[in-house]
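Presented below is the structure to which this report refers.
Atom set for the values below is all heavy atoms of this structure, side chains included, hydrogens, waters and symmetry mates excluded. Residue numbers start from 1 in every chain, and the chains themselves are labelled A, B, ... in the order their sequence lines are given, proteins ahead of strands.
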Protein chains: 2
Amino acid sequence: MEELYTQSARTGARLSPEERRSALINATLRCIIKEGHAGLSVRKVCQEAGVSAGLLTHHFTGKEELIIEAYRFLTKDIYSRINQSLAQVSEPSALKKLRLFIDVSFRRPVLDKDYLMVWLVFWGLSKQKPAIAVLRNEVNDTVISTLEKLMTATVSELSLEAVNVRLAATGLSALMDGLWLEWSLNSTNFSPDEAAKICQCWVDAFVANALQRLN
Amino acid sequence: MEELYTQSARTGARLSPEERRSALINATLRCIIKEGHAGLSVRKVCQEAGVSAGLLTHHFTGKEELIIEAYRFLTKDIYSRINQSLAQVSEPSALKKLRLFIDVSFRRPVLDKDYLMVWLVFWGLSKQKPAIAVLRNEVNDTVISTLEKLMTATVSELSLEAVNVRLAATGLSALMDGLWLEWSLNSTNFSPDEAAKICQCWVDAFVANALQRLN
DNA sequence: TAAGTTGTTATACAGTCGTACAATAAAAAG
DNA sequence: CTTTTTATTGTACGACTGTATAACAACTTA
């Protein structure tokens with residue numbers, strides 16, 4: 001399995017600001033993966049990037065900006081992984097797209113244990129750093145809206161009974177997050193395939209008009 | 001709303017080892033609630049407990065033990081909160097017990113935003129400190145087993161079709177965790193009551209034999 | 001080649017970190 | 001009361017924190 005956020009081959013070389021900023025951001029994520037919140041120190045990140053500690057303030061205003069930029073990169077990275085996986089298949093039916101979205105989410109490279117520490121650390125910072133909380137909420141709203149649209153289209157396609165699709169999508173999102181979290185913390189209780197099946201059951205219930213309580 | 005883990009009235013007094021250990025553990029949780037992982041320093045915890053920093057090593061072998069004991073206390077505390085809420089009602093039917101468990105979990109004092117930081121910090125430590133991971137897995141298995149028993153009893157009561165109850169319980173647990181997490185991170189998208197309703201839908205689907213995919 | 005620009009290093013600074021340890025104060029035991 | 005025990009304090013230690021800054025080195029432009 002390919003490692004997340006490997007450092008570029010050239011070390012010690014003089015890089016352009018964009019390249020160096022990117023290298024430091026990747027090193028930040030690698031440090032969090034290795035040591036959690038404890039790995040989030042300027043010296044450790046710079047050493048991981050093969051660079052002197054003082055260089056950080058030359059490319060970032062400080063540690064704060066580095067962290068926020070690392071989070072911004074992470075969200076974009078995962079978002080692109082999901083879209084890349086989805087683009088491999090062209091499914092006209094909204095229902096099939098929905099089911100594909102679930103399956104893709106519980107397979108690499110979207111599913112990866114290394115993400116656990118990263119998300120936990122950033123979520124833990126979101127209370128003290130509002131910028132992170134704002135970013136997280138935006139991404140989350142995007143995901144739920146995506147699910148909601150697919151489910152609304154499914155209602156039309158299959159002529160289902162009216163239901164609060166927003167809450168149904170919220171439930172599916174929470175179910176996926178909960179299973180992802182539990183599997184990341186302890187992968188011995190169920191497999192990714194089983195997790196995907198559990199989520200598909202929520203869709204089954206949705207299609208079978210079994211979520212009428214959400215009204 | 002009552003605050004979690006308030007310090008006892010007597011400060012500056014000479015306490016028994018058990019009392020002092022308890023006070024330090026409570027101060028630890030309060031520090032995490034206030035500042036997240038950054039609040040988890042010996043000096044901050046001892047100041048929060050109104051005590052000199054050197055006292056910690058007199059009652060604990062070090063920071064490590066304090067953290068693990070704080071986690072142990074936290075799990076017991078929440079477990080007792082759940083049981084206390086459940087004990088208020090005597091429901092003979094397993095299905096009603098199951099539904100009650102859900103409702104109780106999305107009401108105070110089980111549902112409390114202050115728990116978010118605490119869990120995130122401890123989960124973030126679980127990779128580096130195996131003792132925490134072991135404890136978490138034990139508690140999680142207990143919860144899922146509780147759900148599984150209630151659901152198995154429901155199958156008998158209602159003569160439902162055979163289904164993989166373990167996976168159905170895993171799904172319910174994940175759904176509850178995911179909704180708890182999302183609500184704790186951003187409580188503007190849905191209410192605790194709606195979260196409970198979403199979970200009850202999973203039970204509805206279970207009762208309606210809509211989870212047959214789990215076989 | 002010379003001058004100017006800028007990516008990079010190394011050092012210094014004032015804090016904070018966890019913890020060991022001697023001094024102190026208060027309770028318990030005699 | 002005196003003696004013993006022990007909860008508590010204050011300090012000291014080396015290591016680490018984030019960042020500012022001067023010196024250095026590499027690239028660009030003239």
Side-chain angles (χ1 to χ4, degrees), chain A residues 7-29 31-32 34-71 121-122 124-125 128-129 131-132, chain B residues 7-28 31-32 34-71 121 124-125 128-129 131-132:
Chain A
Q7 65 178 337
S8 83
R10 312 153 52 193
T11 63
R14 188 183 163 111
L15 297 186
S16 72
E18 307 84 49
E19 285 176 310
R20 186 59 76 198
R21 279 175 64 98
S22 169
L24 284 168
I25 287 172
N26 278 52
T28 302
L29 296 177
C31 282
I32 296 178
K34 278 201 287 187
E35 300 186 49
H37 187 284
L40 205 49
S41 93
V42 174
R43 281 177 168 82
K44 284 181 180 174
V45 169
C46 288
Q47 185 181 356
E48 176 69 34
V51 136
S52 173
L55 190 58
L56 188 124
T57 50
H58 191 266
H59 293 283
F60 297 89
T61 60
K63 186 186 179 182
E64 173 104 2
E65 196 194 30
L66 172 68
I67 293 176
I68 291 172
E69 290 305 311
Y71 187 76
V121 167
F122 281 125
L125 292 172
Q128 320 289 333
K129 302 187 196 299
I132 290 182
Chain B
Q7 64 179 336
S8 83
R10 309 152 54 193
T11 64
R14 188 183 164 108
L15 296 187
S16 73
E18 306 84 48
E19 286 176 310
R20 186 59 76 198
R21 279 174 66 97
S22 169
L24 284 168
I25 286 172
N26 278 52
T28 302
C31 281
I32 296 178
K34 277 200 287 186
E35 299 186 50
H37 186 284
L40 205 49
S41 93
V42 173
R43 281 178 168 81
K44 284 180 180 175
V45 168
C46 287
Q47 186 181 358
E48 176 70 33
V51 136
S52 173
L55 191 57
L56 188 124
T57 50
H58 190 265
H59 293 283
F60 297 88
T61 60
K63 187 186 178 182
E64 174 104 2
E65 196 194 30
L66 172 69
I67 293 176
I68 291 173
E69 290 305 312
Y71 187 77
V121 167
L125 292 172
Q128 320 291 334
K129 302 187 196 298
I132 290 181

- CA sep, side-chain torsions, deciding dist, call: His58(A), Arg20(A), side-chain contact (heavy atoms from CB on, under 4.5 Å): CA-CA 10 Å; His58(A) 191 266; Arg20(A) 186 59 76 198; over 6 Å; no
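Distance CD/Glu35(A) to CD/Gln128(B): 6.5 Å, rounded to 0.5 Å. The SG atom of Cys31(B) sits 8.0 Å away from the NZ atom of Lys44(B) when rounded to the nearest 0.5 Å.
Taking 4.5 Å as the limit, every side-chain heavy atom of His37(A) sits out of range of all side-chain heavy atoms of Ile32(A).
Nucleotide dT9(D) holds its C1' atom 12 Å from the NE2 atom of His59(B), rounded to whole Å. When the C1' atom of dT11(C) is taken as reference, atom CG of Leu55(A) falls 15 Å away, rounded to whole Å. Note: NZ (Lys63(B)) to P (dT16(C)) measures 15 Å, nearest angstrom. The distance from atom CZ of Phe60(A) to atom P of dT8(C) is 12 Å, rounded to the nearest whole Å. As rounded to whole Å, 13 Å separates atom C1' of dT9(C) from atom CZ of Arg43(A). Rounding to whole angstrom units, CG of residue Leu24(A) and P of dT8(C) are separated by 9 Å. Remark: C1' of dG18(D) and NE2 of His37(A) are 14 Å apart, rounded to the nearest angstrom. Regarding Glu35(A), its CD atom lies at a distance of 12 Å from the P atom of dC16(D), rounded to whole Å.
With hydrogens and angles ignored, no donor-acceptor pair closer than 3.5 Å exists between the side chain of Arg20(A) and the base of dG7(C).
No option in Leu29(A), Ile25(A), Thr28(A), Asn26(A) other than Thr28(A) meets the side chain to side chain contact (heavy atoms under 4.5 Å, CB included) test with Val45(A).
Contact annotation for Leu66(B): no contact, since no heavy-atom pair falls under 4.0 Å across all strands. Across all strands, Gly54(A) comes closer than 4.0 Å to base atoms (heavy-atom distances).
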Filtered N/O pairs between nucleotides 24-30 of chain D and protein, under 3.5 Å:
| unit_1 | atom_1 | unit_2 | atom_2 | d |
| --- | --- | --- | --- | --- |
| dA26(D) | N3 | Arg14(A) | NH1 | 3.3 |

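Side-chain proximity of His58(A) to dT9(C), dT19(D), dG7(C): nearest is dG7(C).
Between Ser16(B) and Thr61(A), the residue anchored nearer the 5' end of DNA chain D, judged by the nucleotide with its closest heavy atom, is Ser16(B).
Between Ser16(B) and Glu19(B), the side chains place a donor N or O and an acceptor N or O closer than 3.5 Å (distance only, hydrogens not considered).
At the phosphate of dT8(C), neither OP1 nor OP2 sits under 4.0 Å from any side-chain N or O atom of Ser52(A). Residue Thr57(A) places none of its side-chain N or O atoms closer than 4.0 Å to OP1 or OP2 of dT19(D).
Ring geometry, Phe122(A) versus Tyr71(A): the interplanar angle exceeds 60°, so the pair is classed perpendicular (tilted spans 30 to 60°).
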